[in-house]
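The next block holds one structure in the form of structure tokens; read it before the comments.
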Amino acid sequence: TNNASYVYSADGQLLCKFFDENRTPVKFEEVSPLFFQALIDTEDERFHDHCGVDFKGLGGAAKDFIVHQRARGASTITQQLVKNMFRIRSNTQYGTGLVGKIPGVGIVIMKTKEMAIAVQLEMLNEKDSILMMYANTVDFGSNAFGIKTAAKTYFNKAPSELKIEESAVLVGLLKATSTYNPRINPKRSLERRNLVLRNIYEHRREMEKHFGHAAIKTKAQLDSLLKTPLELNFSVESAYDGKALYFRQAVAEYIKENCPQLDPYTDGLKIYTTL
């Protein structure tokens with residue numbers, strides 16, 4: 001993934017960040033477990049039981065399409081991670097090769113690749129690691145890539161401080177980052193958030209099993225949360241924020257000249273300067 005680089009002055013003050021995608025990876029324990037409960041309950045309710053591919057979900061999706069002519073997604077969190085990491089798309093030669101230009105074949109090739117790599121990821125990684133990789137790669141809209149930047153952009157918080165209703169807003173964004181953006185579409189965002197909260201309540205027993213406690217235990221707690229208004233502390237971070245604009249541009253040019261193998265805009269560097 002493309003990660004932001006941090007530029008520090010000689011006395012240890014943060015001057016600015018360089019980034020193409022504003023993303024800073026965090027560890028599993030740095031994120032509120034409430035976010036992961038909301039994510040699993042909404043995006044992949046059988047996450048802890050499948051091997052990367054949810055065959056039960058695939059069967060249900062196929063039945064809905066054949067019987068009711070209604071399409072619904074059946075991709076697991078692991079499959080979505082594969083798509084985020086490897087940019088597999090049905091409409092590109094990179095994703096499917098030349099044979100993918102045959103109508104209907106491209107999507108089959110793409111899904112087959114997704115499934116194969118998803119199973120490999122599950123074989124090589126713990127479930128918590130997969131959740132963390134997903135949270136660090138995903139796009140939350142508003143130039144916020146990864147859970148750390150998303151928590152700061154929408155709520156001005158660290159991801160460990162997220163409350164359940166805030167976690168539900170962020171998870172709701174994953175379906176469509178513009179449609180359910182709380183800044184530009186607050187009504188739709190609120191409806192989507194409440195759907196996520198209901199999912200969390202419905203799957204409370206599964207969450208107790210995997211996380212030791214459920215985020216929403218009672219109907220009264222759910223009803224109270226559904227009435228809670230959206231509360232944002234919204235601020236989009238720009239690549240021009242920070243101090244010493246001329247100096248830091250000189251730093252970027254210095255790195256490009258003297259360390260051509262490094263890219264300060266994508267490599268997640270810590271850069272210490274003489275200023």
Side-chain angles (χ1 to χ4, degrees), residues 1-36 38-39 80-81 84-87 121 125-126 128-163 166-167 169-171 173-174 177 181-184 231-275:
T1 56
N2 293 341
N3 297 323
S5 294
Y6 287 70
V7 183
Y8 297 95
S9 62
D11 56 345
Q13 299 299 309
L14 178 65
L15 289 177
C16 68
K17 291 162 67 176
F18 293 140
F19 56 82
D20 288 335
E21 295 180 354
N22 190 9
R23 177 190 288 106
T24 302
V26 289
K27 298 176 182 177
F28 185 81
E29 57 271 18
E30 295 177 86
V31 180
S32 169
L34 301 176
F35 171 80
F36 292 122
L39 177 65
Q80 293 176 45
L81 171 62
N84 292 342
M85 290 174 69
F86 299 105
R87 304 289 192 263
L121 280 177
N125 295 277
E126 300 290 338
D128 288 355
S129 297
I130 291 170
L131 286 175
M132 200 61 256
M133 284 190 280
Y134 179 86
N136 279 326
T137 57
V138 74
D139 178 6
F140 289 91
S142 300
N143 199 33
F145 296 87
I147 184 62
K148 181 173 181 177
T149 306
K152 186 176 188 303
T153 298
Y154 291 101
F155 303 108
N156 195 28
K157 288 185 172 183
S160 61
E161 300 171 328
L162 288 170
K163 297 188 288 188
E166 295 166 343
S167 298
V169 169
L170 295 181
V171 168
L173 275 165
L174 301 178
T177 55
N181 189 300
R183 179 72 170 182
I184 59 178
E231 294 182 0
L232 301 179
N233 191 346
F234 186 82
S235 177
V236 175
E237 195 171 14
S238 164
Y240 297 100
D241 291 345
K243 304 172 183 177
L245 286 172
Y246 180 83
F247 176 81
R248 72 200 211 193
Q249 187 57 41
V251 169
E253 294 299 326
Y254 180 89
I255 292 172
K256 288 181 180 179
E257 284 183 28
N258 293 276
C259 307
Q261 75 278 16
L262 298 178
D263 186 342
Y265 293 93
T266 62
D267 287 351
L269 309 174
K270 297 292 188 297
I271 303 165
Y272 301 92
T273 72
T274 56
L275 185 65

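These numbers come from the heavy atoms of this one structure, side chains and all, not from hydrogens, waters or symmetry mates. Counting from 1, the numbers follow the sequence of the chain as shown.
- Here Met133 contributes atom CE and Met85 contributes atom CE; the two are 5.5 Å apart, rounded to the nearest 0.5 Å.
- Of all heavy-atom pairs between Ala4 and Thr24, the closest is CB-OG1, 4.3 Å.
- For Ser235, there are no side-chain contact (heavy atoms from CB on, under 4.5 Å) partners, not counting sequence neighbours.
- In this structure, the side chains of Phe155 and Leu232 come closer than 4.5 Å at one or more pairs of heavy atoms.
- Partners of Asp11 by side-chain hydrogen bond (donor to acceptor under 3.5 Å, both in side chains), not counting sequence neighbours, listed by chain and number: Ser9.
- Atom OH of Tyr254 has 12 or fewer neighbouring heavy atoms from other residues, nucleotides or ligands inside a 6.0 Å radius.
- Contact detail for Leu275 and Ala244: the closest heavy-atom pair is CD2-CB, 3.9 Å.
- Note that the CZ atom of Phe36 and the CG atom of Leu131 stand 5.5 Å from one another [nearest 0.5 Å].
- Side-chain atoms of Asn181 come within 3.5 Å of backbone atoms of Arg183 as a donor-acceptor pair (strictly under, hydrogens ignored).
- Summarising the geometry of Ala151 relative to Ala158, their closest heavy-atom pair is CB-C, 4.1 Å, with the distance given to 0.1 Å.
- For Lys163, the salt bridge (Lys or Arg N to Asp or Glu O under 4.0 Å) partners two or more places apart in sequence, or in a different chain, are Glu165.
- Here the closest heavy-atom approach between residue Phe19 and residue Ala239 is recorded as CZ-N, 3.4 Å.
- Taking 4.5 Å as the limit, some side-chain heavy atom of Phe35 sits within range of a side-chain heavy atom of Val171.
- Take Glu29 and apply the side-chain contact (heavy atoms from CB on, under 4.5 Å) test, not counting sequence neighbours, and it matches Lys27.
- Here the CD-OH distance, from Gln249 to Tyr240, works out to 8.0 Å after rounding to the nearest 0.5 Å.
- Atom OG of residue Ser142 and atom CG of residue Leu173 lie 7.5 Å apart, to the nearest 0.5 angstrom.
- Inter-residue side-chain proximity for Met132 and Ile147 is flagged as met; some heavy-atom pair is nearer than 4.5 Å.
- Aromatic ring orientation, Tyr265 versus Phe18: tilted (interplanar angle from 30° to 60°).
- With rounding to the nearest 0.5 Å, the separation of CG in Leu34 from CD in Glu161 is 12.5 Å.
- Using modelled atom types, no side-chain atom of Thr177 and backbone atom of Gly141 make a donor-acceptor pair closer than 3.5 Å.
- Of all non-hydrogen atoms in Leu174 and Leu39, the two that sit nearest each other are CD1-CD1, 3.7 Å.
- Applying the side chain to side chain donor-acceptor pair (under 3.5 Å) definition to pairs two or more places apart or across chains, those involving residues 129-140 are Gln80-Tyr134.
- Thr273 places a side-chain N or O within donor-acceptor distance of the main-chain N or O of Tyr8, the cut-off being under 3.5 Å.
- Separation of atoms NZ (Lys152) and CG (Asn233) is listed at 9.0 Å; rounding is to 0.5 Å.
- A heavy-atom distance below 4.5 Å is not found between the side chains of Val251 and Leu15.
- Between Phe234 and Thr153, the closest side-chain pair of non-hydrogen atoms falls below 4.5 Å.
- Using a 4.5 Å heavy-atom threshold, the side chains of Tyr154 and Pro182 count as touching.
- In this structure, the side-chain contact (heavy atoms from CB on, under 4.5 Å) partners of Thr266, at least two apart in sequence or on a different chain, are Asn2, Asp20, Asp263.
- The two residues Ala144 and Thr149 have their closest heavy-atom pair at CA-CG2, 3.8 Å.
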